[in-house]
Student: 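Got a structure here, written out as structure tokens. Questions coming.
In what follows, chains are A, B, ... by sequence order, proteins preceding strands, each numbered from 1. FYI, side chains are in, hydrogens and waters are out, and symmetry mates aren't considered; it's all heavy atoms of this structure.
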Number of protein chains: 2
Amino acid sequence: MDPRRTPGQRAGLTRGAVLAGARALLAERGLGALTMRALAERLGVRPNTLYSHVADKDALLEELVDDALAVVPDPAGDADWRDELHRLMSASHRALLAAPELVPVTLGRGSRGPQAQRLGRGVTELLARGGVTGAPAREALRVLVLYTIGFAAFEVRPGFPDADPDERRTELGGTYDRGLQWLLAGIAGGRTGSG
Amino acid sequence: MDPRRTPGQRAGLTRGAVLAGARALLAERGLGALTMRALAERLGVRPNTLYSHVADKDALLEELVDDALAVVPDPAGDADWRDELHRLMSASHRALLAAPELVPVTLGRGSRGPQAQRLGRGVTELLARGGVTGAPAREALRVLVLYTIGFAAFEVRPGFPDADPDERRTELGGTYDRGLQWLLAGIAGGRTGSG
DNA sequence: TGGCGTACTGTACGCCGTCCAGCTATATTG
DNA sequence: CAATATAGCTGGACGGCGTACAGTACGCCA
């Protein structure tokens, strides 16, 4: 508890504890308050101690972002590929909204962690099940992913719609679904033809 | 040129010059290098001088973002509304890519400046011309805007596609267009029916 | 029991955005 | 043309940031 500790004495800090503390700090006080110094203080430790567990702040953020996607399930085996795709993307969307402060980071920094890659594989697999492969599949994947993250980013930003913040969440959620359906229809429709 | 100037002597700095300098610095050395101190040095001025022309760094960025959209034209009077909508969004997309470093800022900070509002009015007008009004129009506007900005953000991020950076630009540009067409088709298709 | 790896510390460096008080070149007024 | 107000610019500083370096003392294993 007390950070006043003689050198060499251990606080029993682990990498996981650092990440958990960062998540808590993020949730409670926002992205702007997530500073290495504040995180250290919350953990009862000097700031530089964090660097024994994390490469630097960027790496920490990247890991947080990727972890946020861990709750998204893998695609089920037998359902219709379009329904499944909708479910998968919608789950991702919800996962992002559950950690609103991280969304701008996601967009800004890219996120190529294991969870993001897993999600990519899932989408690709579903597309293949629907007969979409190769370059069109990569196209579709890109469109879906960025639409989802982009939408989440806007949902998270204050002041975008002029309506009451009450309606806002509901209305935006519906809007996301609508756009997603349009995209899925386009993907499915372009499956055979076009050039 | 020489910032070594006795107090009171004027550098002839204007608000426009500050913005222009910021744009140049951004283009040459990236967002990370756009610091009030660096900007001041480039302008031959002490850092605090900037605050005589700009409220703070946030305001400066916001203005830069909005200005980037100034090159997007208003919709023409007589063309097909879908073609026109495509042209408008595509122009916005290109405008954003012309200032890549600003895209993350756009998404992160929101951008409600005059240019953004003008663009919003243009889109709304075109949608109305196609018979899309009210809540569906707001939905469509949101989807189009965030798709465009979101896509630009991903295009700007390094390392997203696994291909050569050469093909990348071309392929991504085509992907943007494809997705945009899907969305426009969905918007036009949902015009009369659906629930 | 002794040595070693390492979690942790004190301290400090070089950045950052921004504020305050003062000075003076310029614009404004008579 | 002289007196005054305005406002552009400065030196200097404050508090905060991420992070590096070198040292210390604990826990573990031989």
Student: Working to the nearest 0.5 Å, report the span between CD of A:Q115 and CD of A:E63.
Tutor: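 It comes to 10.5 Å.
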
Student: Just to confirm, is there a sub-4.0 Å distance from OP1 or OP2 of D:dA7 to any side-chain nitrogen or oxygen of B:H53?
Tutor: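 So the side-chain polar atoms of B:H53 never come under 4.0 Å of the phosphate oxygens OP1 or OP2 of D:dA7.
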
Student: What pairs of nitrogen or oxygen atoms, one from the protein and one from nucleotides 25-28 of chain C, lie under 3.5 Å apart?
Tutor:
residue	atom	partner	partner atom	Å
C:dA25	O4'	B:G8	O	3.3
C:dA25	N3	B:R10	NH2	3.0

Student: Would you be so kind as to tabulate the donor-acceptor pairs closer than 3.5 Å made by side chains of residues 123-135 of chain B, with sequence neighbours excluded?
Tutor:
residue	atom	partner	partner atom	Å
B:T124	OG1	B:G120	O	2.8
B:R129	NH1	B:A79	O	3.1
B:R129	NH2	B:A76	O	3.1

Student: The criterion is side-chain hydrogen bond (donor to acceptor under 3.5 Å, both in side chains); which residues satisfy it with B:S92, sequence neighbours excluded?
Tutor: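 Counting only residues at least two positions away or on another chain, B:S92 forms no side-chain hydrogen bond (donor to acceptor under 3.5 Å, both in side chains).
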
Student: With the threshold set at 4.0 Å, does a side-chain nitrogen-carboxylate oxygen contact exist between B:E139 and B:R142?
Tutor: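 So B:E139 does not pair with B:R142 through a salt bridge.
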
Student: Distance check needed: C:dT6 C1' versus A:R15 CZ, whole Å only.
Tutor: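 After rounding, the gap between these two atoms is 16 Å.
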
Student: Between protein and nucleotides 17-19 of chain C, what N or O pairs are separated by less than 3.5 Å?
Tutor:
residue	atom	partner	partner atom	Å
C:dG17	OP1	B:M36	N	3.3
C:dG17	OP1	B:K57	NZ	2.9
C:dG17	OP2	B:T35	OG1	2.5
C:dG17	OP2	B:M36	N	2.9
C:dG17	N7	B:R37	NH1	2.3
C:dG17	O6	B:R37	NH1	3.1
C:dG17	O6	B:R37	NH2	3.2
C:dT18	OP2	B:Y51	OH	2.6
C:dT18	OP2	B:K57	N	3.0
C:dT18	O5'	B:Y51	OH	3.2
C:dC19	N4	B:N48	ND2	3.3

Student: What's the CG-P distance between A:L60 and D:dT19, to the nearest Å?
Tutor: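 One finds 10 Å between P of D:dT19 and CG of A:L60, rounded.
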
Student: Can you name the residues that form a side-chain contact (heavy atoms from CB on, under 4.5 Å) with B:A38, not counting sequence neighbours?
Tutor: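 With neighbours one apart ignored, the set is B:L25, B:T35.
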
Student: Using whole Å, report how far CG of A:L50 lies from P of D:dC17.
Tutor: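 Interatomic distance, CG of A:L50 to P of D:dC17: 12 Å.
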
Student: Does OP1 or OP2 of D:dG8 have a side-chain N or O of B:T49 closer than 4.0 Å?
Tutor: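 So the side chain of B:T49 is outside the cut-off, no N or O lying under 4.0 Å from OP1 or OP2 of D:dG8.
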
Student: With no hydrogens and no angle check, is any side-chain donor or acceptor of A:R37 less than 3.5 Å from a backbone partner on A:P47?
Tutor: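 No; zero donor-acceptor contacts below 3.5 Å.
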
Student: Show your working on side chain to side chain donor-acceptor pair (under 3.5 Å) between A:Y176 and A:T148 and close with a plain yes or no.
Tutor: CA-CA 8 Å; A:Y176 170 79; A:T148 298; 2.9 Å; yes

Student: Take the protein atom CG of B:L43 and the nucleotide atom P of D:dC9, then report the distance between them rounded to whole Å.
Tutor: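 Between P of D:dC9 and CG of B:L43: 10 Å.
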
Student: Provide, to the nearest angstrom, the distance between the CD atom belonging to A:E41 and the C1' atom belonging to C:dT9.
Tutor: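 To the nearest whole Å, that distance equals 16 Å.
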
Student: If the condition is side-chain hydrogen bond (donor to acceptor under 3.5 Å, both in side chains), which residues does A:D74 pass it with, not counting sequence neighbours?
Tutor: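 So A:D74 forms a side-chain hydrogen bond (donor to acceptor under 3.5 Å, both in side chains) with A:R118.
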
